[in-house]
Chemist: 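What follows is a single structure, and I will ask about it in a moment.
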There are 2 protein chains.
Amino acid sequence: MKAPEPLGGPRPTSRDVAAAAGVSQATVSLVLGGKWHGRVSERTAGLVRDTARRLGYRPNLAARNLRLGRTRTALLVVPALTNEFFARVYTGASAVAARHDFGVVLYPSPQGVGPARDPFASARTALDGVIASSMATDALHAFHDTDLPLVMLDSDPADRGSAAQVNLDIADGMRQVTGHLLALGHRRFVHLASAVPSWTFDVRARALAAALRERPDTTVRTVPAPLDVAGAREAAARALAAPGPRPTALVCDDDLIAAGACKAVRRLGLRVPEDVSVTGFDDLALATAVEPELTTVGLPAEQVGERGMEALLAVLDGRTPPPGDLPVTLRVRASTAPPPRA
Amino acid sequence: MKAPEPLGGPRPTSRDVAAAAGVSQATVSLVLGGKWHGRVSERTAGLVRDTARRLGYRPNLAARNLRLGRTRTALLVVPALTNEFFARVYTGASAVAARHDFGVVLYPSPQGVGPARDPFASARTALDGVIASSMATDALHAFHDTDLPLVMLDSDPADRGSAAQVNLDIADGMRQVTGHLLALGHRRFVHLASAVPSWTFDVRARALAAALRERPDTTVRTVPAPLDVAGAREAAARALAAPGPRPTALVCDDDLIAAGACKAVRRLGLRVPEDVSVTGFDDLALATAVEPELTTVGLPAEQVGERGMEALLAVLDGRTPPPGDLPVTLRVRASTAPPPRA
DNA sequence: CGCAGGAAGTTATACGTAAAACCCCGGCGG
DNA sequence: CCGCCGGGGTTTTACGTATAACTTCCTGCG
């Protein structure tokens, strides 16, 4: 009836449990490991389990990891968790991991770009594999070199190497956005493009350019914008103040940029969407919090994490992860409308 | 000149390095561990380091953790990473950890409430300590029982037990909000209160009630609201549609709720802040993305994480973490104004 | 009666590291 | 000439677990 090791005393080991139960350490390991059928009697197994519970036994994971040579732990590399998209990716990956008795540890790669510092210096535990999201090309080399199974999320197929990949059909998203705006009658576009160099943004730019190239009556200007509302607002303000006819549609690489763009439009005394249409990307919580609600592209972020983790598990299992991009969906809301008749 | 273990071959161990360098494993461990001064000659040390680099040696962390009995890893328990506040807490904790050569692994406690499933089942590595944020009382017991050093963030002092605590001066934040609104002339309040049972929300309610109790000419009604924009909007709509004189100020437990409240107000054809003032809490990115920008209470989320990690390190070091709540700041923006003159 | 074979364990070993304890040798003070 | 010291290592052990290999006992069968 005494508390399980009230304090001070070191944690009980499987040997302690064995001694208390009057069996050998191997038996304890067998029973608690679940693979004792036909090796240990029901009665002994029960006794062992009770004793373990009574002593408050918890297996030493460091020892187990050493013995097994695996840790059932994956490293998830993300640029920044404060970005809702990556928080959702983590959530998805973590959920699948939990289901397979896996753990996920994060490596917040410094500013999402540049030659990330050695992530393994930060990992305090051995890893079974790596899931890297939206990494810059050069940063990836650090991983390719480690012979650890690698899954890349939302990243350039050209960097693929021997890694598995889980990608979003970003290009299709941008095509849908463009199609939607063209159908509404827009012809003069500004692309508020993220300044962060990353495949996920390059694809947006290329898809937009490709779509408009087929329509000679359209114009588009690309303006770089930082990935935050205040900075994006300024960038958008400058874009709108530029000489020449005013653009009727602002195509933004991200919802944060779109929110900033909306503010810039209104600051000029114009209305969204009557005077200027604005589109976002990602469909963050923000998109339905602002007014007007943003027309944007919904990305299945959790699914990216889930598929990423599943791919890693597949690789670890010697299987080949299923190919195929994840579909994205255009969410038409209130920030887009036909251009003014001018 | 050959690549460090191109593939296939198992990772080299310290023994492999020793063999290649023609020294004993102990020497390798000594040199790479950095504590060899006076034990190993400069020349040998250099040789060992070169050999290790050449073979691409990485110490097996599972073995090290086992040997040392410590992992330099902390568990951070958070309700949900998609909540920007907790993502920032993680960021802060992680930064301090990295500086001290520590790791942080997350445990996303299911829906932030209820008797969390055993977090140690999910941790695939042994832990040196736990940082638990905004936990429900009962869920904490699971941790108190483990004899692991525990730091609690933003949680009820009554649940403190033997753990260290890092708290925000939430009550002061709510006092400032209330003071600001009273000074503007508001008298009829609605408190849109989070339905999640948690100390951080209870304090808001108590502080608001206490502040208004001193002013007999005020009225306040408490309306529960979910922690998302859409749900909060509905809750706010119901509150505004209630019989009796319309409230002039909506005090919200969270920026998400405030954003929803703003939308509800406008849906009724009213304006924020001319007809109804709205205040938030947390100062998320959202607060400056919506229009009007939200008057809210800024919480130093990163600092919470930093102080939490520092407190844990202190405890592990046998020191006593410094007490004292972290200050919060009222951010007066555009969503509050004097009430209409009726 | 003898022995195969299964049930129920036990003994022994390996995982890779850190570090305590030990060893050897050259120089130096007594 | 002996003993001692310290620089520069090496040998050895322990950490706690999982599991392969081995033992023992019993039962059933030919």
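Proteins come first, then strands; the chains are lettered A, B, ... in the order of their sequence lines, and each starts at number 1. This structure is a prediction, so every number in the text was calculated from the model and none was measured.
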Chemist: Starting from P on D/dC15, measure out to CG on B/Asn60 and report it in whole angstrom.
Modeler: 18 Å
Chemist: Given atom CH2 of B/Trp36 and atom C1' of C/dA20, what is their separation to the nearest angstrom?
Modeler: 20 Å
Chemist: Answer yes or no: is there a donor N or O on one side and an acceptor on the other, between the side chain of B/Arg70 and the main chain of B/Asp128, under 3.5 Å?
Modeler: no
Chemist: Considering only residues two or more places apart or on different chains, which pairs with a residue in residues 42-52 of chain A satisfy salt bridge (Lys or Arg N to Asp or Glu O under 4.0 Å)?
Modeler: A/Asp50-A/Arg53
Chemist: Assess the residue pair B/Asn167 and B/Trp199 against the criterion (side chain to side chain contact (heavy atoms under 4.5 Å, CB included)); give the C-alpha distance rounded to whole Å, side-chain angles, the decisive distance to 0.1 Å, and a yes or no.
Modeler: CA-CA 11 Å; B/Asn167 274 354; B/Trp199 180 78; 3.8 Å; yes
Chemist: Nearest whole Å is fine: how far is D/dT17 C1' from B/Arg64 CZ?
Modeler: 20 Å
Chemist: Could you please spell out the steps behind the side chain to side chain contact (heavy atoms under 4.5 Å, CB included) verdict for B/Val31 and B/Thr44?
Modeler: CA-CA 9 Å; B/Val31 170; B/Thr44 313; 5.8 Å; no
Chemist: Taking atom P of C/dC15 as reference, at what distance in whole Å does atom CG of B/Leu61 sit?
Modeler: 18 Å
Chemist: Measure from the side chain of A/Ser29, starting at C-beta and using heavy atoms only, and say which of D/dG16, D/dT19, C/dG16 lies closest.
Modeler: D/dT19
Chemist: Rounded to the Å, how far apart are B/Leu32 CG and C/dA19 C1'?
Modeler: 15 Å
Chemist: For the pair made of NE2 in B/His37 and P in C/dA19, what is the distance, rounded to whole Å?
Modeler: 14 Å
Chemist: Do you see a donor-acceptor pair shorter than 3.5 Å between the side chains of B/Ser94 and B/Thr91?
Modeler: no
Chemist: My understanding is that only residues two or more places apart in sequence, or in another chain, count here; which of them pass side-chain contact (heavy atoms from CB on, under 4.5 Å) with B/Thr73?
Modeler: A/Arg124, B/Thr71, B/Val105, B/Thr125, B/Leu127
Chemist: Starting at atom CG of A/Leu68, determine the distance to atom C1' of D/dT17, rounded to an integer number of angstrom.
Modeler: 8 Å
Chemist: Between B/Arg43 (CZ) and D/dG8 (C1'), how many Å, whole number?
Modeler: 12 Å
Chemist: Which nucleotides of nucleotides 7-13 of chain C have their base under 4.0 Å from a protein heavy atom (B), which only their sugar-phosphate (S), and which neither (-), written as one string 5' to 3'?
Modeler: -BBBBB-
Chemist: Base, sugar-phosphate or nothing for B/Leu66? Non-hydrogen atoms, less than 4.0 Å.
Modeler: base
